[in-house]
Amino acid sequence: MNIHTGHRVAAPPRYALRLKLSTAVMLGAGLIGAASVWAQEAAPEPKPEDHVVMVTGSRISSRGYNQPTPTTTLTSDDIEKNAQPNIFTTIAQLPALQGSSGSSVLTYSTSSGMQGLSALSLRGLGAFRTLTLIDGQRVVPANVTGVTDVSQFPQLLVKRVDVVTGGASASYGSDAIGGVVNFITDKKFTGFKANVEHGQTTYADDKNNTLQLAWGRGFLDDRLHVVVSGEYSKEDGVPAHGFGNDPGPNGRTAFNAPAFQIRPLSQTTDGKPQMYDIRNAQPYQYNRYGLITSGPLQGTAFGDGGVPYKFNYGSNGVPDGKGGVSGCISPFCVGGDLSGTSGNSTSLASALKRENFYTRLSYALTPNHELFMTVNVAEVNSQNTPNAGAPKNANLTIQCDNPFLPASIQSACAANNITSFQYGTGNANFPNNISVEPRRRQERYVIGADGSFDAAGTSWSYNSYYQRGVNHTDLFVKNITLSPRYTAAIDAIRLPDGSIVCRSMIARNSGCQPLNIIGNVTQSTGALAYVMPSQGPQQHTRQTQDVASFNISGEPMALWAGPLAIAAGLEYRKEAYSVRADPYGNGVTPDSPNSAAYPADPLLNVTSGSNWFAGNYHNGQGSYSVREGYLEANLPLFKTTALGEANLNVAGRGTSYSTAGNAKTWKLGGTWKTTIDGLRLRAVTSRDVRAPNLSELFAPVVITNNTVNHNGTTLTVQQQVVGNTALRPEVARSTELGVVLTQPSWAPGFSASFDYYQIKVGDVISTLGLQQEVDLCDAGRQDMCAAMLLNSPVPTNNYVRLQQFNLASLKLKGFDIETSYRGSLASLGLPGMFTVRALATHTIDNITDPGVPGTIPIQSAGVNLGATPRWKVLATQAWTTDRINVTLTERWVSNGVYSNEYIECKSGCPVATAIHPTIDNNQMKGATYFDLGATYKVSDHITAYAKVDNLTNRDSSTAPGPNVGYGLNPSLYDVLGRMYRAGVRFTF
């Protein structure tokens with residue numbers, strides 16, 4: 001990987017008939033100035049200093065200019081060597097990229113809409129605080145949270161990616177608090193190239209195939225240039241494992257059902273921990289095919305054919321007849337019968353299919369003025385299973401006269417003088433797992449002009465463009481139950497004629513068919529069709545983005561140490577969305593009416609909807625507009641033999657948001673090329689903003705199923721998230737100080753940099769966590785209690801409402817290190833070149849202050865369940881000859897903890913609090929992964945390659961949570977195991 005830190009990057013000469021390059025070419029940030037002169041005769045070869053390509057950290061285009069903001073650049077060679085079917089994976093491996101999401105993130109979620117979305121996040125600040133661009137232009141978001149899906153980009157034509165690791169709002173606008181990731185395409189690609197690749201894991205899953213094609217050609221003496229690309233990529237993912245714990249998906253053995261056992265705070269006066277890190281956790285509120293969970297029959301399970309048997313509780317537990325189990329801590333025992341555990345039943349990685357068409361046409365009206373147009377149409381489909389069956393955690397009531405009950409259980413009911421009992425089941429005999437299937441289709445059209453002109457004695461470069469982007473996101477959930485119908489269907493009775501029907505006459509008249517959930521029995525086709533209709537939850541979102549931008553740059557005057565360079569621009573942007581959902585999830589409205597697919601049903605809630613087990617989508621819409629202008633200048637301070645060279649970079653931007661008001665951002669920085677050989681110093685400080693996005697402002701009510709611990713009992717609740725139109729922009733202050741050593745004469749081929757960063761963000765738009773709100777309510781906070789209902793007589797009506805406010809603040813501190821060396825092996829008598837590179841990010845602090853009385857700042861640095869480990873390192877060693885390249889890569893994440901707020905102890909523990917729980921183990925190991933790749937140049941036009949990721953098949957570290965699951969953090973760890981890839985590239 002090549003790192004550029006604001007210095008000039010000499011581009012290779014460009015040869016074209018009758019074309020002479022002069023002045024500068026600025027790429028990125030929407031400022032693509034091309035100054036060229038048409039001549040009647042062949043032009044001489046341009047000098048390197050005549051062609052300057054600037055990286056994305058600044059809008060300034062000036063020869064010899066060094067920008068103060070650190071920027072890492074990945075070239076197309078870096079991308080090709082990593083051999084990933086999605087360029088996102090390559091970029092996300094950079095140490096500064098923390099918290100990025102991909103196909104293995106959010107596979108446990110039904111309703112988020114984020115499954116399979118490839119979104120980049122810098123510094124662990126979240127993808128919505130990282131601005132992702134193509135050729136310096138904004139891209140229509142792929143989700144109402146404002147994040148961009150890298151899967152929708154034309155990846156074969158990407159010739160470099162600039163990653164700006166610092167605040168850049170003054171230059172680029174909102175969302176650049178964490179930095180900017182700018183994909184630079186090859187706009188003048190000429191010829192034909194293709195890439196064909198296949199891969200799969202050592203477990204013979206996640207099979208993936210990629211085909212990429214690109215063609216480009218100049219016409220009319222290269223005045224007209226056409227570039228076209230098409231791509232198809234398919235990743236099968238790792239499907240749900242199903243019930244039980246051993247083995248894991250397709251033979252993986254690392255997963256051992258981790259979970260937290262959590263005692264009530266009131267019981268922690270005994271010197272023992274409140275929380276226990278357990279493995280082989282057994283949820284004792286249900287089992288695979290049914291379990292009586294309270295009363296005199298508690299502990300009776302049902303197996304094949306509905307035959308009852310005594311359930312084997314873990315921890316040698318004995319049921320107490322009141323819903324508890326001795327030796328266990330609600331809701332888990334350890335060990336015992338784990339066949340019903342559904343926590344390992346999520347997809348390990350989503351299936352992903354990506355199709356992309358891209359074309360760019362440019363036409364030079366004159367030697368100095370060019371028109372261009374781009375069209376990008378992309379579709380990304382994904383699929384995952386959030387969990388098998390649809391577990392019911394002891395929240396069902398079965399009447400003793402249910403005809404599906406064995407006679408022995410009916411007799412036992414009579415003997416114990418009960419008429420009903422509480423029941424839990426994993427519904428493991430449902431024929432199909434829940435399937436979440438998002439489909440995102442992007443249509444992006446750009447027209448623009450760039451070029452140069454002379455005015456006031458100097459040459460000016462300009463760029464202008466208009467973008468119209470539309471993203472259609474369709475979410476389909478299949479094989480999922482309607483809760484009111486399920487409740488009615490399991491409550492069966494036998495009529496005098498011997499037939500079994502639903503007890504409720506209303507339900508019976510509307511088509512209810514009785515469902516037998518007592519044991520492993522064949523389900524009635526009619527009953528399944530009734531509780532699990534073919535048309536499940538649906539959400540259809542149309543999101544648009546219109547951007548008009550004009551930028552100009554030049555050097556209006558010469559000063560004592562060089563030219564004054566400036567850049568300025570204006571931009572208008574409008575974001576809008578509308579979402580429509582099915583009437584069973586949303587409720588019946590004119591926008592979501594009943595239909596043949598969703599007929600009226602008296603059992604369903606037609607007002608608020610939320611009738612599905614999960615995936616209750618709701619209608620919404622909203623829009624906002626932005627007007628802004630900026631000015632950036634580079635002032636040379638001095639250039640002498642005695643002092644070296646120094647420059648001052650300043651930028652300011654004024655922004656007006658139609659909803660959030662006005663915001664001002666600025667940047668002040670400078671670089672000093674010292675008289676010490678190869679040594680340069682840099683510093684930059686900035687004020688940056690992130691405006692509230694469409695989701696935060698106008699989000700419809702989003703309801704998902706979740707669980708919370710309330711007074712020692714685990715409750716299933718509806719988590720309701722709503723928008724807030726009164727939100728203000730987040731405001732950040734970023735400071736970076738750096739030292740750069742670039743190939744000094746005493747160490748040719750060696751470069752290194754060290755950059756310290758500090759970011760403070762105020763007015764952070766955030767919500768309290770679900771469990772945090774409940775804990776505060778339990779502690780007496782009535783304002784929190786007003787946002788929830790936890791004691792409804794109908795358990796499915798329990799909810800916790802989460803709304804976003806400008807409450808919190810963030811403080812981040814750390815440093816980045818980069819080193820590289822490239823040299824010949826001739827002195828050792830060996831052919832080729834040897835290259836060593838390493839990039840590392842050390843996070844000192846990542847502190848979130850919720851801004852709510854009764855809470856404390858949370859330190860997330862080193863929390864390996866999160867996104868910011870203490871250390872994240874990427875290192876490569878490569879040997880290259882004319883035909884062969886062999887590259888070894890190491891990826892390292894340091895050891896961490898589950899939470900910095902936990903107090904680790906095994907005995908003599910202090911009394912636990914909601915702020916500082918005590919726990920018996922708070923350690924989460926890091927990981928080291930080795931990747932090995934090689935390429936072989938078969939001919940001038942054909943290159944074969946192979947790659948093995950996670951060479952040693954190192955298992956991911958696992959960690960407990962409030963629910964049983966894989967216990968994985970795919971944001972930090974490789975969760976799939978060893979991956980093999982091989983392919984061929986063609987160039988003509």
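Residue numbers start at 1 and run along the sequence shown.
- Taking both residues in full, the closest heavy atoms of S174 and R573 are given as CB-NH2, 4.0 Å, listed atom of the first, atom of the second, then distance.
- R627 is linked by a side-chain hydrogen bond (donor to acceptor under 3.5 Å, both in side chains) to nothing, counting only residues two or more places apart in sequence or in another chain.
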Residue pair T674, L681: steps toward the side chain to side chain contact (heavy atoms under 4.5 Å, CB included) verdict: CA-CA 7 Å; T674 71; L681 307 179; 4.2 Å; yes
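- Partners of F88 under the ring pair (Phe, Tyr, Trp, His ring centres under 6.0 Å) rule, at least two apart in sequence or in another chain, do not exist in this structure.
- The shortest distance between side-chain heavy atoms of T544 and E575 does not fall below 4.5 Å.
- Remark: S169 pairs with no residue by the side-chain hydrogen bond (donor to acceptor under 3.5 Å, both in side chains) rule, at least two apart or across chains.
- By the ring pair (Phe, Tyr, Trp, His ring centres under 6.0 Å) test, F754 pairs with F815, sequence neighbours left out.
- A heavy-atom distance below 4.5 Å is found between the side chains of Y624 and L697.
- Counting only heavy atoms from C-beta outward, the side chains of N182 and V164 never approach each other to under 4.5 Å.
- Judged purely by atom type and a 3.5 angstrom limit, E696 uses its side chain to pair as donor or acceptor with the backbone of N693.
- Contact detail for D222 and G218: the closest heavy-atom pair is OD1-CA, 3.4 Å.
- Between N806 and L727, some side-chain heavy-atom pair lies under the 4.5 Å cut-off.
- Between L94 atom CG and K872 atom NZ the span is 7.5 Å, to the nearest 0.5 Å.
- Residues satisfying the side chain to side chain contact (heavy atoms under 4.5 Å, CB included) criterion with D175, sequence neighbours excluded, are L131, R138, R690.
- In this structure, the ring of H842 has its center no less than 6.0 angstrom from the ring center of Y757.
- With sequence neighbours excluded, the residues satisfying side chain to side chain contact (heavy atoms under 4.5 Å, CB included) with V228 are W215, V226, F357, T359.
- With sequence neighbours left out, the ring pair (Phe, Tyr, Trp, His ring centres under 6.0 Å) criterion links F153 to F183.
- Qualifying salt bridge (charged side-chain N to carboxylate O under 4.0 Å, His left out) partners for R733, counting only residues two or more places apart in sequence or in other chains: none.
- Residues satisfying the side chain to side chain contact (heavy atoms under 4.5 Å, CB included) criterion with A96, sequence neighbours excluded, are L122, R123, T165, T841.
- Between S452 and H369, every side-chain heavy-atom pair lies at or beyond the 4.5 Å cut-off.
- How far CD of Q545 is from NZ of K574: 12.5 Å, rounded to the nearest 0.5 Å.
- Between N376 and Q442, some side-chain heavy-atom pair lies under the 4.5 Å cut-off.
- No option in S101, P141, S118 other than S118 meets the side-chain contact (heavy atoms from CB on, under 4.5 Å) test with D149.
- More than 12 non-hydrogen atoms from other residues, nucleotides or ligands lie less than 6.0 angstrom from CH2 of W460.
- Contact of the N143 side chain with the L117 side chain is registered, since non-hydrogen atoms from C-beta on lie closer than 4.5 Å.
- In this structure, the salt bridge (charged side-chain N to carboxylate O under 4.0 Å, His left out) partners of K813, at least two apart in sequence or on a different chain, are D845.
- Between atom CG of residue D135 and atom OG1 of residue T185 there is a gap of 3.5 Å, rounded to the nearest 0.5 Å.
- Applying the side-chain hydrogen bond (donor to acceptor under 3.5 Å, both in side chains) rule to R728 yields the partners D763; only residues at least two apart in sequence or on another chain are considered.
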Check against salt bridge (charged side-chain N to carboxylate O under 4.0 Å, His left out), R682 and D755: CA-CA 9 Å; R682 61 188 175 199; D755 289 281; 2.6 Å; yes
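- Checked by atom type, the side-chain pair T75/D77 shows no donor-acceptor distance below 3.5 Å.
- Contact detail for L637 and A561: the closest heavy-atom pair is C-CB, 4.0 Å.
- Here CG of L812 is found 9.0 Å from CD of Q98. Values are rounded to the nearest 0.5 Å.
- Ionic pairing of K188 and E370 is present here: one or more N-O contacts between side-chain nitrogen and carboxylate oxygen are shorter than 4.0 angstrom.
- With contacts defined as side-chain heavy-atom distances shorter than 4.5 Å, the pair V161/I184 does not qualify.
- The distance from the OG1 atom of T868 to the CG atom of N846 is 4.0 Å, given to the nearest 0.5 Å.
- Applying the side-chain hydrogen bond (donor to acceptor under 3.5 Å, both in side chains) criterion to S656, with sequence neighbours excluded, gives N662.
- In summary, R468 and D546 engage in a salt bridge, as defined by a charged side-chain N under 4.0 Å from a carboxylate O.
- Side-chain contact of E632 with S171: a donor-acceptor pair under 3.5 Å is present, judged by distance alone.
- With rounding to the nearest 0.5 Å, the separation of CD in Q67 from CG in N649 is 8.0 Å.
- Here the shortest heavy-atom pairing between V761 and A732 reads CG2-CB, 3.8 Å.
- A salt bridge links R160 to D162: at least one charged side-chain nitrogen sits closer than 4.0 Å to a carboxylate oxygen.
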